[in-house]
Amino acid sequence: MARRGALAAAAGGVLISTIATTAHAAPAMDLKTDVKTAKLNSTDLQSLTAVAKQAVAAAPTVTVPVDAKMPMEMEILGASSGDKGEKGEAAVVSVDAPDPVPVGQQAVNIALNYLGITYVLGGASPSAGFDCSGLVQYVYAQLGYSLPHSSGALLGSGYQVTYPEPGDIVWTPGHVAIYAGDGMIIEAWAAGMPVRYTEMWQNNPTFVRVAA
């Protein structure tokens, strides 16, 4: 709204009036915005769409077989990185299969299942009981070995060794046991008594290894 002011003064019979008018200025037009809007409005969107379709049609097509396999790598955490913080090279980790359990150790593991079975002279099975050679014969039969049911004959059922390993036969005249490792044996040792796991008590026994 304009504001008008009047100033009157008498000077020699002359009336001097002054009119002052002020108004808010209209905001200046943003020329850059108007130019951009004008260009956008004049753009042929259909032409842009046609160009895009031509680019897609001209792009090469990659075909991947259904049964294609992608190589995979396992990246080890904490791998060395470059000076600029770049990721280190990926490392492929191979895991070896565990070593097979030696036959002798398998024999020990089997024999431990029969602790407590009563000693029976001539016995060679868990149901009938075990005598000393019957226990050795039965245990090794589970591993595919055919051994005699005789303590004397078992001396020749393998080859003799100086230092025993688990599964070796501990032979003394009239008696056999199975060496369990760490100076221990498994044996059927006396009539009416259970198969036991105990310290090796034999003096100067002969050690016979059934499996090489």
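Please read these numbers as outputs of a predicted model, since none were measured by experiment.
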Rounded to the nearest 0.5 Å, what separation is found between the [atom1] atom of [X] and the [atom2] atom of [Y]?
X: His149; Y: Cys132; atom1: NE2; atom2: SG; value: 7.5 Å
X: Leu147; Y: Tyr138; atom1: CG; atom2: OH; value: 14.0 Å
X: Asn109; Y: Gln142; atom1: CG; atom2: CD; value: 13.0 Å
X: Asp131; Y: Thr118; atom1: CG; atom2: OG1; value: 13.0 Å
X: Arg196; Y: Ile186; atom1: CZ; atom2: CD1; value: 12.0 Å
X: Trp189; Y: His175; atom1: CH2; atom2: NE2; value: 10.0 Å

Minimum-distance pair of heavy atoms, taken over all atoms of [X] and [Y]:
X: Ala188; Y: Val195; result: CB-CG2, 4.0 Å
X: Ala153; Y: Pro148; result: CB-CG, 3.6 Å
X: Val108; Y: Gly167; result: CG2-N, 3.4 Å

- Query: According to the interplanar angle, ranging from 0 to 90°, do the rings of Tyr145 and Tyr140 count as parallel (below 30°), tilted (30 to 60°) or perpendicular (above 60°)?
  - Reply: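 Rings of Tyr145 and Tyr140: perpendicular, as their planes differ by over 60°.
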Evaluate the side-chain proximity of [Y] to [X]: yes if any heavy-atom separation is below 4.5 Å, no if none is.
X: Pro164; Y: Val170; value: no
X: Met184; Y: Glu199; value: yes
X: Gln137; Y: Leu154; value: no
X: Val210; Y: Ile169; value: yes

Going hydrophobic residue to hydrophobic residue with side-chain gaps under 4.5 angstrom, can you get from [X] over to [Y]?
X: Phe130; Y: Leu112; answer: yes
X: Ile110; Y: Ile117; answer: yes
X: Val176; Y: Tyr114; answer: yes
X: Leu115; Y: Val136; answer: yes
X: Phe207; Y: Tyr159; answer: yes

- Task: Please name the residue in the list Tyr119, Tyr197, Trp201, Tyr179 that meets the side chain to side chain donor-acceptor pair (under 3.5 Å) test with Glu187.
- Result: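 Going through Tyr119, Tyr197, Trp201, Tyr179 one by one, the side chain to side chain donor-acceptor pair (under 3.5 Å) with Glu187 is satisfied by Trp201 alone.
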- Any donor-acceptor pair under 3.5 Å linking the side chain of Gln160 with the backbone of Thr206?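 Pair absent, no side-chain N/O of Gln160 close to backbone of Thr206.
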